[in-house]
Amino acid sequence: MSERVERGRGRGDVDDYEQHGGFPVYRATEDDGGPDFGRLVEALRTIQDLGVSTAPPPDVVRRAAEQAEALVALLEPHRVPEGQQPGGRSMGLPGRGSLLMMPWTVEKFDATGVRSTGVFRRFHMGGNGAAHGGTLPLLFDDLFGMITHAYGRPISRTGYLHVNYRKITPIDTRLTVEGQVDRVDGRKTFVSARLVDAEGTLLADCEALMVVLLPGQP
Ligand SMILES: CCCCCCCC(=O)SCCNC(=O)CCNC(=O)[C@H](O)C(C)(C)COP(=O)(O)OP(=O)(O)OC[C@H]1O[C@@H](n2cnc3c(N)ncnc32)[C@H](O)[C@@H]1OP(=O)(O)O
């Protein structure tokens, strides 16, 4: 991905990252967390699934709480500042190894657009087997960040994001999201994307405005 980062630069209005605002460009790696980081993240996601889909007896709850607290104690001494943790920067892992982002896999990443596939998991569920409505903007917003970056635009933030929920988005079902830059107007980058199932049925579409940050803007 660092290669992609380099390739993306220079196409925007400002190719010097010192000249505009926003967060620093963090170095992205394939396996910054080492060979077991993917296992850890996947186990933590499964714990999130189990946390919302099990009803264990009290003694199991007590033991699970003790083990969870032991894991917290193990990891706690290793906190690092933003940009130094592998979570969110491990480009070889689903969702870049982030517990916040959808654990999806990027299939296409270039200036013509970005495509990603994956499933909404049990812990993403809102009700009746459907993904929570708030998880779709997260999926689209993260995709738009990648699209903007792949297009070579300077660091931008989302000005607005409009989702049309066309059909129920099922959990535990492989889906595809794909989008692209539609138009650039000064600091404004207009982007759009579609979420479809394996048959190509449109589940949701989204359009958004990404605004290039000015120097000093956070
Ligand atoms: C390349 C890496 C990509 C990373 C992607 C990260 C994705 C994210 O999730 S970011 C988090 C969510 N977003 C935020 O927190 C943003 C919070 N808002 C802000 O910081 C500011 O409002 C910001 C920077 C977007 C715009 O503020 P400001 O710099 O004052 O710009 P402003 O002059 O108001 O707007 C610039 C242009 O955009 C337009 N615009 C801005 N917001 C909107 C909006 N909501 N609707 C319509 N137009 C808008 C303005 O009309 C203006 O247009 P024009 O140049 O034609 O007059």
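Every heavy atom of this structure was used, including side-chain atoms; hydrogens, water molecules and symmetry mates were not. Along the sequence shown, residues carry numbers from 1. Values in this document were obtained by computation on a predicted structure and should not be read as measured data. For ligands, and for the atoms within them, numbers begin at 1 and follow the listed sequence.
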Short side-chain donor-acceptor distance under 3.5 Å, Arg153 and Thr189 |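 A pair is found: one side chain offers a donor N or O, the other an acceptor, under 3.5 Å apart.
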
Between Tyr151 and Gln180, do the side chains contain an N or O donor and an N or O acceptor separated by less than 3.5 Å?
->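 Note: Tyr151 and Gln180 side chains miss the donor-acceptor criterion.
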
Tell me which part of [X] gets within contact of ligand 1: side chain, backbone, both or neither, using heavy atoms under 4.0 Å.
X: Thr158; value: both
X: Asp185; value: neither
X: Asp142; value: neither

Which residue from [options] reaches closest to [atom] through any of its heavy atoms?
atom: atom 43 (C) of ligand 1; options: Leu209, Val211, Val212, Leu214; result: Leu209
atom: atom 1 (C) of ligand 1; options: Pro154, Ala208, Pro218; result: Pro154
atom: atom 52 (C) of ligand 1; options: Gln217, Arg153, Lys188; result: Lys188

[X]: numbered ligand 1 atoms lying under 4.0 Å from its heavy atoms:
X: Gly145; result: 3 (C), 5 (C)
X: Met210; result: 5 (C)
X: Leu213; result: 24 (C)
X: Gly159; result: 45 (N)

Salt bridge or not for Asp197 and Arg174, using N-O below 4.0 Å?
->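 No, no charged N to carboxylate O under 4.0 Å.
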
Taking only Lys NZ, Arg NE, NH1 and NH2, and the carboxylate oxygens of Asp or Glu, determine whether Glu42 and Arg45 approach each other closer than 4.0 Å.
->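 Salt bridge flag = yes for Arg45 with Glu42.
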
Would you say ligand 1 has an N or O under 3.5 Å from any N or O of Arg157?
->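 N/O-N/O distance below 3.5 Å does not exist for this pair.
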
Which residue, Arg122, His124, Arg121, forms the side chain to side chain donor-acceptor pair (under 3.5 Å) with Asp49?
->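 Passing option: Arg121.
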
4.0 Å heavy-atom contact, Gly186 with ligand 1 |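 No heavy atom of Gly186 comes that close to ligand 1.
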
Considering residues, nucleotides and ligands other than Asp36, do more than 12 of their heavy atoms fall under 6.0 Å from its CG?
->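 Counting neighbours around CG of Asp36, more than 12 heavy atoms of other residues, nucleotides or ligands fall under 6.0 Å, so yes.
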
Determine whether more than 12 heavy atoms belonging to other residues, nucleotides or ligands lie under 6.0 Å from atom NZ of Lys167.
->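 Atom NZ in Lys167 is not crowded, with 12 or fewer foreign heavy atoms closer than 6.0 Å.
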
For Leu139 and Val177, run side-chain contact (heavy atoms from CB on, under 4.5 Å): C-alpha distance rounded to whole Å, both residues' side-chain angles, the deciding distance at 0.1 Å, then the answer.
-> CA-CA 8 Å; Leu139 175 76; Val177 69; 4.1 Å; yes

